[in-house]
Amino acid sequence: QVQLVESGGGLVQAGDSLRLSCAASGRTISTYTMGWFRQAPGKEREFVAAISWNGGVTNYVVSVKGRFTISRDNAENTVYLFMNTLKPEDTAVYYCAADSHHKTYFRSTYFDYWGQGTQVTVTS
């Protein structure tokens, strides 16, 4: 079993930056694809970004390309999401997730471990 704990969320203004962290425990995530998802009030959870096992391949939803960066530190068993130029529409609960069966991102339904989420609120 893998436990994922997110941190770094908060209340910020439009244009600000935040860094989310996802600390994994229980097992090494060094061979897993890792991802970030978000869910805004009244909306379905959506894919935000994913990173392959060695960080060589990253994927982003169009709405965050150029503003968000996903990275990982396998030695620290941690994944990050750097969020720049935040917009009010980025407001959501952000979830870290792990796909323990694949080394690179294929589809969102493959993620089998999830954190509890961290709230990000962006005011205009």
Hey, does the side chain of S21 reach the backbone of Y80 with a donor-acceptor pair shorter than 3.5 angstrom? no
Which is it for D16 and M83 under the side-chain contact (heavy atoms from CB on, under 4.5 Å) test, yes or no, and what are the steps along the way? CA-CA 8 Å; D16 285 351; M83 305 186 295; over 6 Å; no
What's the separation between atom OG1 in T91 and atom CZ in R38, rounded to the nearest 0.5 Å? 9.0 Å
What is the distance from atom CD of Q119 to atom OH of Y94, rounded to the nearest 0.5 Å? 9.5 Å
If only atom types and distance count, is the side chain of Y32 paired as donor or acceptor with the main-chain N or O of F111 below 3.5 Å? no
Mind checking the CG-OH spacing from L20 to Y95? Nearest 0.5 Å is all I need. 13.0 Å
Side chains of F68 and V61, heavy atoms from C-beta outward: is any pair under 4.5 Å? no
Can you classify the ring geometry of Y110 versus F106 as parallel (below 30°), tilted (30 to 60°) or perpendicular (above 60°)? perpendicular
Gap between atom OG of S63 and atom NZ of K87 - 0.5 Å precision: 8.0 Å
Using only atom types and a distance under 3.5 Å, with no angle test, would you say the side chain of N74 pairs donor to acceptor with the backbone of W53? yes
Regarding S71 and D73, do their side chains bring together a donor and an acceptor under 3.5 Å, going by distance alone? no
So, taking the atom named CZ in R19 and the one named OG in S7, what distance separates them when rounded to the nearest 0.5 Å? 8.0 Å
Hits for side-chain contact (heavy atoms from CB on, under 4.5 Å) against A24, two or more places apart or cross-chain, chain-then-number order -> V2, L4, I29, N77
Residues in side-chain contact (heavy atoms from CB on, under 4.5 Å) contact with S25, at least two apart in sequence or another chain: Q3
Angle between ring planes, F47 versus Y105, binned at 30° and 60°: parallel, tilted or perpendicular? parallel
Can you tell which of V57, N54, D99, T58 makes a side-chain contact (heavy atoms from CB on, under 4.5 Å) with T104? V57
From CZ (R72) to OG (S30), nearest 0.5 Å: 7.5 Å
